[in-house]
Student: 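Please see the structure below; I have some questions.
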Amino acid sequence: MSLHLLRHDAYVNGAWVQAKDRRTFDVHNPSTGALVGTVPDMGRNDTRDAIAAAQQAWPAWRALTAKERAVVLRRWFSLIMEHRDALAHLMSCESGKVISESLGEVTYGAAFVEWFAEEGKRAYGDVIPPHTRDRRLVVIRQGIGVVAAISPWNFPLAMITRKVAPALAAGCPVVIKPPAETPCTALALAVLAEAAGVPAGVYNTVTSTRSDEVGRELCENPTVRKLSFTGSTAVGKQLMAQCAPTLTKLSLELGGNAPFIVFDDADLDAAVQGAIQSKFRHNGQTCVCANRLLVQRGVYDAFVARFTDAVASLRSGDVLDPSVQVGPLISLKALGKVQGLVEDAVQHGAAVLHGGRVRDGLFFEPTVLGNVTSDMRVAGEEVFGPVAPVFRFETEAEAIALANNTVYGLAAYFYSRDVGRCWRVAEALEFGMVGINEGLISTELAPFGGVKESGMGREGSRQGLDAYLETKYLCFGGV
Ligand code: SIN
């Protein structure tokens with residue numbers, strides 16, 4: 001059975017609905033400018049209704065056993081995989097992600113549903129040896145309650161499933177606010193959740209361009225017990241302040257400034273391949289993309305020459321062509337930022353070794369900048385585009401100091417064949433995730449998240465369920 005995935009209504013309380021004030025917005029393809037769809041532009045009242053529906057649906061959903069919820073999640077997983085091609089096509093059209101990566105994202109996103117369907121059965125508690133003979137001490141773990149999930153445009157599907165699957169597995173209903181750039185993939189996921197048998201009110205999707213208004217309701221409504229957000233550090237801080245009055249619990253996956261270090265003893269072919277994968281994934285628009293390439297003096301020239309050749313051979317163009325590796329940027333604003341970072345670097349003495357210019361529309365040439373130094377904007381800011389700035393360093397200590405010289409702490413990567421150095425550097429890097437001789441580290445099996453201003457909490461893995469569980473201590477007396 002193939003379901004119709006492109007919807008023009010939002011999904012609240014098991015019904016496909018318009019905004020109360022009938023407002024709508026258009027979604028455009030960043031590659032071509034073509035109209036992808038028109039969806040409801042919901043406001044604060046619509047969000048309040050979705051939260052109320054979720055609260056009403058909570059008792060019945062949490063009363064199911066984890067095994068019963070797993071059956072529903074497992075059906076959702078199967079439906080996502082059955083609709084992999086259609087979902088990837090829709091995702092590429094609204095986000096500008098190349099089709100090979102969109103197909104990969106559907107598989108990656110579905111894997112969270114499959115993983116948490118099982119992991120929900122393992123929300124174990126504790127039995128504590130008591131301190132008196134007549135008592136028994138037990139710890140149980142229970143779903144936290146209504147969960148709000150605010151997801152980003154760069155992973156239109158996987159960042160929803162990474163939040164929603166553990167919430168549902170833990171017995172929590174959800175209200176999802178997808179980004180204004182990619183609401184159609186989010187609504188397609190809701191079609192599949194409904195078909196999988198997720199009960200009315202347990203799964204709600206509120207589409208909107210009014211992020212401030214909707215975000216405020218999700219933070220301030222006391223019914224919402226948990227907010228999970230992926231996006232910029234600036235917005236994460238704003239949401240945290242808005243959650244303070246109600247002490248709504250938070251998981252925040254925020255910005256990054258990933259160092260990618262190549263030591264003199266690295267396997268250079270592997271390092272070049274890893275740098276291309278890490279830097280140019282979704283055209284540089286992921287939080288874990290290599291942001292600064294730090295290369296030791298002894299291999300600087302050789303690495304830069306090979307890396308520049310590899311960048312020059314990247315194919316950009318029609319995102320639906322399976323051989324295309326690089327698509328457009330998401331918006332004019334993003335394009336302007338990338339252009340500004342390159343201009344600033346050049347003004348301060350960086351050399352453009354490849355690319356450096358806007359092509360057409362929202363396409364920016366895959367770019368390599370040499371002789372980059374710490375005083376350039378590109379050293380401190382998240383690039384979020386296809387620009388690879390290369391820095392030169394002399395010693396291991398200098399590389400670590402340079403790498404850690406950022407307010408961010410999400411992902412870091414380094415290449416070395418010295419086992420002792422691998423342990424030393426891995427332990428010294430102040431980041432939540434470290435790739436050692438590996439440029440692609442994301443998987444549903446491992447904890448994803450950052451330190452410092454890259455956020456708090458972990459998603460995926462067994463830790464990913466914790467975010468949606470409260471711990472309750474039971475003290476039995478008079479035994
Ligand atoms: C992100 O960039 O927000 C997520 C990247 C990933 O899951 O690998």
Side-chain angles (χ1 to χ4, degrees), residues 80 88 91 95-98 100-116 149-166 176-179 181-182 185-186 189 227-236 239 250-260 274-291 327 329-330 334 338 381-386 408-413 431-435 438-461 463-464 467:
I80 294 170
M91 191 191 302
S95 72
K97 185 171 281 202
V98 296
S100 57
E101 288 195 41
S102 294
L103 286 164
E105 183 180 337
V106 178
T107 305
Y108 176 48
F112 290 106
V113 182
E114 184 186 42
W115 169 263
F116 284 111
I150 306 181
S151 62
W153 53 262
N154 61 342
F155 285 84
L157 186 146
M159 295 306 102
I160 293 179
T161 54
R162 191 156 82 182
K163 297 175 189 315
V164 166
I176 303 156
K177 157 68 180 76
E181 293 83 353
T182 61
T185 307
L189 268 181
L227 174 74
S228 179
F229 169 70
T230 296
S232 73
T233 294
V235 174
L239 294 172
L250 280 161
S251 287
L252 300 173
E253 300 293 351
L254 307 178
N257 181 357
F260 186 103
I276 294 285
Q277 285 174 326
S278 174
K279 176 67 248 181
F280 292 98
R281 182 171 173 222
H282 194 9
N283 200 16
Q285 301 175 108
T286 87
C287 309
V288 290
C289 276
N291 209 57
L329 287 160
I330 187 72
V338 168
E381 292 183 32
E382 194 175 19
V383 177
F384 241 66
Y408 297 109
L410 192 58
Y413 310 85
F431 293 83
M433 299 172 281
V434 182
E438 184 55 61
L440 276 182
I441 57 176
S442 305
T443 159
E444 80 282 7
L445 307 174
F448 189 103
V451 300
K452 295 161 73 181
E453 292 194 17
S454 286
M456 56 187 67
R458 293 294 179 268
E459 293 191 323
S461 79
Q463 279 93 338

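Remember, it's 1-based here, ligands and their atoms both numbered in the order they're listed.
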Student: Regarding Lys163 and the six-membered ring of Phe112, is the cationic atom NZ or CZ under 6.0 Å from the ring centre and inside 45° of its axis?
Tutor: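 Geometry flag: not set, cation outside 6.0 Å or 45°.
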Student: Could you check whether any side-chain N or O of Glu453 sits under 3.5 Å from a backbone N or O of Thr233, counting only pairs where one atom can act as donor and the other as acceptor?
Tutor: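 Pair absent, no side-chain N/O of Glu453 close to backbone of Thr233.
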Student: Decide yes or no for Pro259 and Phe431: does some side-chain heavy atom of the first lie under 4.5 Å from some side-chain heavy atom of the second?
Tutor: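 Sidechains of Phe431 and Pro259: in contact.
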Student: Starting from the N and O atoms of ligand 1, find every protein N or O within less than 3.5 Å and list the pair with its distance.
Tutor:
unit_1	atom_1	unit_2	atom_2	d
ligand 1	2 (O)	Asn154	ND2	3.3
ligand 1	2 (O)	Cys287	N	2.7
ligand 1	7 (O)	Tyr108	OH	2.7
ligand 1	7 (O)	Arg162	NH1	3.0
ligand 1	8 (O)	Arg281	NH1	2.9
ligand 1	8 (O)	Arg281	NH2	3.0
ligand 1	8 (O)	Ser442	OG	2.4

Student: Spell out, as yes or no, whether a donor-acceptor pair under 3.5 Å connects the side chain of Glu459 to the backbone of Gly464.
Tutor: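 No; zero donor-acceptor contacts below 3.5 Å.
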Student: Drop me the distance from Ile176's CD1 to Met159's CE, to the nearest 0.5 angstrom.
Tutor: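 Here the rounded value is 13.5 Å.
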Student: Could you list the residues that satisfy salt bridge (charged side-chain N to carboxylate O under 4.0 Å, His left out) with Glu101, not counting sequence neighbours?
Tutor: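 For Glu101 there are no salt bridge (charged side-chain N to carboxylate O under 4.0 Å, His left out) partners, ignoring immediate neighbours.
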